[in-house]
Amino acid sequence: MGTTEKTGNAALPLAEQRRRRLPASAALGWLSAGWRDLWHTPLPSLLYGLAVFLISVAVVWCLFRWELDYILFPALAGFMVVGPLVAIGLYRKSRDLEDGIAPSLSRMIFVKAASGGQVWYTGAILCLLMVVWMRAAVIIYALFVGLRPFPGLDGVVAMLFSTPEGLGMLVVGTAVGGLFAAFSFAISTFAIPMLLAEKTDAFTAMGTSISLVFRNLPVMLAWGAIVLVLTALGIATGFLGLIIIFPLLGHGTWHSYRAIR
């Protein structure tokens with residue numbers, strides 16, 4: 001017989017417990033719950049978002065200062081890879097609200113995860129994945145453009161849309177980046193909240209996250225689209241929008257974990 005979990009008065013197979021069959025519209029409910037958590041004692045969440053904004057601006061400034069602007073777009077895409085780790089303090093606040101504990105910035109910064117150091121081990125894997133994606137982006141550029149120097153932000157758009165090499169690089173880069181994004185989303189979106197709330201190891205958490213995502217694909221595709229659009233909006237505002245958008249998505253992700261897990 002398969003492993004079972006208790007839900008109410010019924011004992012269901014674990015596979016059925018993880019197949020919630022939630023409609024895609026449930027993702028909007030998670031966003032609404034995230035909005036509610038954001039504005040419940042809002043100062044810690046907004047300060048958290050402000051810190052993300054300042055770090056993002058500092059990273060972009062360093063890329064230009066060190067003449068590494070050619071990895072700007074992969075770095076921005078990589079932001080979504082490590083985002084679930086960065087948001088761990090927001091998961092802490094949402095959990096505190098569930099438990100009736102008054103949230104505070106100190107509890108959000110100095111997070112004590114049930115899995116201990118496993119959460120940081122997972123974070124190291126996510127950072128490594130981001131570095132691999134950035135290196136892959138450089139290789140793709142070299143394959144299509146050769147040894148020509150990066151034309152700068154002003155020239156790269158014209159190159160991408162007006163030359164065969166640019167169009168080829170755009171198609172291949174988007175496809176490869178999409179695979180990286182899908183994989184990182186699948187392994188991390190539930191893994192970090194799970195490591196915060198449950199005592200388990202990094203690989204079990206990442207494997208469980210992949211299972212939960214693919215067993216609930218319609219709603220997770222909807223949630224992934226919401227995360228992508230809102231993150232892009234936050235970046236398009238010169239990162240200012242992230243002050244609100246990042247905490248909103250962080251709190252919403254916690255509620256997605258609670259709904260699916």
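Any value given below was found using the heavy atoms of this structure, including those in side chains, with hydrogens, waters and symmetry copies removed. It should be emphasised that the depicted structure is a prediction, and the values quoted were computed from it without experimental measurement.
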Heavy-atom closest pair (Phe180 atom, Ala136 atom, distance to 0.1 Å) is CE1-CB, 4.3 Å
Within the distance-only criterion (no hydrogens, no angle test), does the side chain of Ser209 pair as donor or acceptor with the backbone N or O of Ala205 below 3.5 angstrom? no
Got Arg135 and Ile139 here, is their nearest side-chain heavy-atom distance under 4.5 Å? yes
Carboxylate-amine/guanidinium contact Lys93 Asp37, below 4.0 Å: no
In this structure, which one of Leu179, Leu129, Ile125 forms a side-chain contact (heavy atoms from CB on, under 4.5 Å) with Ser184? Leu129
Between Thr189 and Val227, is a side chain to side chain contact (heavy atoms under 4.5 Å, CB included) present by the stated rule, with each step listed? CA-CA 11 Å; Thr189 190; Val227 172; over 6 Å; no
Please lay out, stage by stage, how Glu98 and Trp254 fare under the test side chain to side chain contact (heavy atoms under 4.5 Å, CB included). CA-CA 11 Å; Glu98 287 181 2; Trp254 174 259; 2.8 Å; yes
Do any N or O atoms from the side chain of Ser188 and from the backbone of Pro84 form a donor-acceptor pair under 3.5 angstrom? no
Is it the case that the side chain of Ser45 and the backbone of Pro247 share a donor-acceptor pair, with hydrogens and angles ignored and the cut-off at 3.5 Å? no
Phe185 vs Trp223 side-chain heavy atoms within contact, under 4.5 Å: yes
Please answer whether the main-chain N or O of Thr204 pairs with a side-chain N or O of Asp201 as donor and acceptor at a distance below 3.5 Å. yes
Please step through side chain to side chain contact (heavy atoms under 4.5 Å, CB included) for the pair Leu85 and Thr122, ending with a clear verdict. CA-CA 8 Å; Leu85 174 67; Thr122 305; over 6 Å; no
Does Leu249 offer a backbone N or O that forms a donor-acceptor pair with the side chain of Thr253 under 3.5 Å? yes
Using the side chain to side chain contact (heavy atoms under 4.5 Å, CB included) rule, take Ile235 and Thr231 through it: C-alpha gap first, then chi angles, then the decisive distance, then the call. CA-CA 6 Å; Ile235 293 172; Thr231 302; 4.1 Å; yes
Approximate separation, where rounding is to 0.5 Å, of Tyr91 OH and Leu195 CG: 11.0 Å
With the side chain counted from C-beta on, respond yes when Trp39 and Leu46 share a heavy-atom pair under 4.5 Å apart, and no when they do not. yes
Between Phe203 and Tyr121, is the gap from one ring center to the other below 6.0 Å? yes
Is the shortest heavy-atom distance from the side chain of Ile187 to the side chain of Leu126 under 4.5 Å? yes
Minimum side-chain heavy-atom gap Ile192-Leu196 below 4.5 Å: no
Please report the closest heavy-atom contact between Ala27 and Ile226, naming both atoms and the distance. CB-CD1, 3.9 Å
Are Ser256 and Phe190 side-chain neighbours, meaning at least one heavy-atom pair lies under 4.5 Å? yes
Do Phe246 and Val86 make a side-chain contact, defined as non-hydrogen atoms from C-beta onward lying under 4.5 Å apart? yes
Does Gln118 reach the main-chain N or O of Ala202 with its side chain, forming a donor-acceptor pair under 3.5 Å? yes
